[in-house]
Novice: 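Handing you a structure now.
Hydrogens, waters and symmetry mates are skipped; everything else that's a heavy atom, side chains included, is used. Every chain is numbered from 1, with letters handed out A, B, ... down the list of sequences.
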Number of protein chains: 2
Amino acid sequence: MPRTKAVAEDGRRRHPAAGGYARGDDTRARIVAAALDVFGQYGFGEASTRMLAEKAGVTLPALQYYFDNKEGLYLACAEHITQRMEMRLKALMDETAAALMQRELPRARLTDMLLDFLDRLADIFLGERELEKWTLFIIREQAQPTRAFDLIFDRVMHPVVRACAALVGRLLERPASDREVKLRTLMLIGRIVIFRPARETALRVLGWPDFAGDRLALVKKSLHAQVAAEFSVSRHAKQRGRT
Amino acid sequence: MPRTKAVAEDGRRRHPAAGGYARGDDTRARIVAAALDVFGQYGFGEASTRMLAEKAGVTLPALQYYFDNKEGLYLACAEHITQRMEMRLKALMDETAAALMQRELPRARLTDMLLDFLDRLADIFLGERELEKWTLFIIREQAQPTRAFDLIFDRVMHPVVRACAALVGRLLERPASDREVKLRTLMLIGRIVIFRPARETALRVLGWPDFAGDRLALVKKSLHAQVAAEFSVSRHAKQRGRT
DNA sequence: AACAATATCTATCGTTTGATAGACATTCGA
DNA sequence: TCGAATGTCTATCAAACGATAGATATTGTT
C-alpha cells in the first residue's frame with residue numbers, strides 16, 4: 001500500500017488513516033477489544049484511560065496515537081459494534097427481504113417466518129456473550145444519544161425493526177409503515193431485548209444464572225406461544241370486522 | 001427531638017442521623033433532587049461533585065456533610081427512587097392483592113384487571129417525566145448491580161412482577177411461581193418498560209417526540225389488543241388439551 | 001545495509017477530581 | 001439573651017485524569 005506519513009499536519013504523531021504496519025493493526029484491534037470490555041462494564045465516565053490502556057496491554061499514548069482521544073476510542077467501539085451486529089443480522093435481513101418478494105404468502109408461512117426471525121434475533125441479542133458488554137454502551141446512547149447512536153440506529157436498530165415490521169405488516173394486512181404495525185413490532189422485539197437492560201431483574205425473578213442454552217430455548221418457546229396466539233386472533237378479529 | 005451531635009466520632013462534621021434543623025432538611029432534599037437530574041442525565045461517572053453541588057445550589061462540602069461521599073449521595077438517590085416508586089405502586093399492588101383474595105373470578109374480570117394493571121404501570125413508567133431521569137440510574141444498576149439495586153429490586157421490581165404474575169397465573173390457570181407464568185409476566189411488563197431503555201430507538205421509529213398523552217394511549221390500546229388475543233387463545237388451547 | 005515510515009516509550013503536563021480543615025454563620029431551645 | 005448544636009463557607013489538599021513532547025525501537029521497502 002502507498003506509504004503515508006504517521007505525522008499529522010499539526011505535527012502530532014498519529015496512526016496513518018490509510019493503514020499502517022501489521023503490528024499497528026494488531027495493536028489497534030487489541031485496544032478496541034479491551035475498550036469494549038471496559039466501557040461495557042463501567043460506562044464511559046468511569047472507564048479511565050489508564051484502565052483502558054492496562055486492559056489492552058499498551059501505554060497511555062497509544063490511545064491518542066490510534067484514536068486521537070478517549071471519545072474517539074468510544075466512537076471506534078460504536079463502529080465495531082455496528083459492524084459486528086450488521087454481520088450477524090445480514091443473513092436474517094436478506095432472507096426476510098427475499099422471502100417477502102413473493103406477494104401472497106400463506107398465513108402459516110408468514111407466522112413461521114416471523115417466529116424464525118424472532119428466534120434468530122434472540123440468538124443474537126441474548127445468546128451471544130459479546131452483547132453483555134455492549135448493553136451499557138447501547139443504553140447509554142439511548143439515554144443521551146451521541147454520534148455513536150446514529151451509527152447503531154441507522155445500521156442496526158432501524159433495519160431490524162423495518163424487516164420485522166414487513167412481516168408483521170403482512171400478518172396484520174397493513175402496510176409496514178402503519179403505526180399499529182410499528183407499535184406491535186417494537187413490542188415484539190421488545191420482549192427479547194428487554195432481557196438485556198432488565199437482565200438482573202429477570203434473572204432474579206426466574207432464579208436463572210444466565211440466558212444460555214436451555215433457558216434461552218424456554219424464552220423462545222414462550223414467545224412462540226404468545227405470537228401464535230396474538231396473530232391468530234388478530235386475523236379472526238379483522239375478518240369479523242369485515243363481515 | 002432529642003439533640004444529637006453533628007460531629008461524628010471521628011471528628012468529622014456530619015448531618016445528624018436523627019435529623020437536624022429544618023434548614024438542613026430542605027438543603028438535603030434539594031441536593032437529592034439535583035443529584036437525580038445530574039446522575040440521570042450523565043450517569044455516575046460523568047457526573048462530577050462540582051456539577052452536583054452547582055445544580056443543588058450548595059458548596060462542595062455540603063455533599064460530604066449530608067452524604068459522606070459521592071457514592072453515599074448515589075445511594076440516597078436510590079432510596080429516594082425506591083420510595084417514590086413504592087408510593088406510586090402501593091395502591092396498584094394493594095388493589096390487585098385485595099381483588100385476588102376472591103378465589104374464583106370470571107375470566108373477563110381477570111383480563112380487565114390485568115389490562116388495568118398494565119395501564120397504570122404504563123402511566124407510571126412511561127407517563128411520568130420523573131422516570132426519564134431515573135432510567136440511566138436503574139439500568140446502570142441492572143448492568144452492574146450495587147447495593148442500590150437490591151433496594152430497587154426488593155421494593156419495586158419484584159413486587160410488581162409478583163403482583164402481575166398473580167394475575168397471569170390465574171389466567172393461565174397455573175401457580176404464580178410457574179416458570180411459564182414468570183416468563184409471560186416478564187414479557188408483558190417488558191412491553192411497557194422497553195420504551196425506557198430503548199426510548200430513542202422507539203421515538204425515531206414511531207416519529208414521536210415523546211410518549212405523552214395521546215401517544216401513551218396508543219401504546220396502551222395496542223397492548224390491550226395483544227393481551228386480549230394472547231389470553232383468549234391460551235384458554236382455548238388449554239381446554240383443547242383437556243379434551 | 002540503509003533509511004524512511006511507523007510504533008512505542010518515559011517523563012511530564014495542566015486540569016479536574018473527590019474530599020477535608022477549620023473558620024464563620026445561622027438556628028433553636030433554655 | 002445566650003450558648004450549644006447545626007449548617008455553610010473559603011481555601012486547600014493529594015490523587016487521578018486525559019493528553020503531549022520528544023526520545024527510542026521496530027518494521028518494511030529499496
Novice: Rounded to the Å, how far apart are A:Arg30 CZ and C:dT8 P?
Specialist: 8 Å
Novice: With a distance cut-off below 6.0 Å to the six-membered ring centre and an angular limit of 45° from the axis, does B:Arg199 pair with B:Phe211 as a cation-pi contact?
Specialist: no
Novice: Expressed as a whole number of angstroms, how long is the span from A:Leu60:CG to C:dC9:P?
Specialist: 11 Å
Novice: Name the closest nucleotide to the A:Lys70 side chain, picking from D:dG18, D:dG7, D:dT20.
Specialist: D:dG18
Novice: Which of these passes side-chain contact (heavy atoms from CB on, under 4.5 Å) with A:Val161: A:Val156, A:Thr185, A:Leu188?
Specialist: A:Thr185
Novice: I need the CG-C1' distance between B:Asp25 and C:dT26, as an integer number of Å.
Specialist: 15 Å
Novice: Quickly work out the B:Tyr65 OH to C:dT26 C1' distance and round it to whole Å.
Specialist: 11 Å
Novice: Let's see if you can work this out: which of D:dA23, C:dA19, D:dG7 has an atom nearest to the side-chain heavy atoms of B:Asn69?
Specialist: C:dA19
Novice: Tell me whether A:Arg13 forms a cation-pi arrangement with A:Tyr65, defined as NZ or CZ under 6.0 Å from the six-membered ring centre and within 45 degrees of its axis.
Specialist: no
Novice: Side-chain contact test, heavy atoms from C-beta onward, threshold under 4.5 Å: evaluate it for B:Arg162 versus B:Thr96 and give yes or no.
Specialist: no
Novice: To the side chain of A:Pro16, which of C:dA19, C:dA7, D:dC9 is closest?
Specialist: C:dA7
Novice: Picking from D:dG28, D:dG7, D:dA19, which would you name as closest to the side chain of A:Tyr21?
Specialist: D:dG28
Novice: Picking from D:dG7, D:dC9, C:dC28, which would you name as closest to the side chain of B:Tyr66?
Specialist: D:dG7
Novice: Starting from P on C:dA19, measure out to CG on B:Leu73 and report it in whole angstrom.
Specialist: 10 Å
Novice: B:His158 vs B:Phe153 aromatic rings, parallel, tilted or perpendicular, using cut-offs 30° and 60°?
Specialist: parallel
Novice: Starting at OH of B:Tyr74 and ending at P of C:dT17, how long is that distance when rounded to a whole Å?
Specialist: 19 Å
Novice: Taking for each residue the nucleotide of DNA chain D bearing the nearest heavy atom, is the 5' side occupied by B:Gly24 or by B:Pro61?
Specialist: B:Gly24
Novice: Which of the following nucleotides, D:dG7, C:dA7, D:dC9, is nearest to the side chain of B:Arg13?
Specialist: D:dG7
Novice: How long is the line joining CZ of B:Phe67 and C1' of C:dT20, in whole Å?
Specialist: 18 Å
Novice: Any residue in residues 42-57 of chain A with a heavy atom nearer than 4.0 angstrom to DNA chain D? Just list them by number, or reply none.
Specialist: A:Ala47, A:Ser48, A:Thr49, A:Arg50
Novice: Parallel, tilted or perpendicular, judged at 30° and 60°: which one describes the rings of B:Phe44 and B:Phe39?
Specialist: parallel
Novice: A:Gln64 CD to D:dT20 P: how many Å, rounded?
Specialist: 6 Å
Novice: Just to verify, what does B:Arg155 make a salt bridge (charged side-chain N to carboxylate O under 4.0 Å, His left out) with, not counting sequence neighbours?
Specialist: B:Glu79, B:Glu86
Novice: So which nucleotide from D:dT8, D:dT27, C:dT20 ends up closest to the side chain of B:Thr27?
Specialist: D:dT8
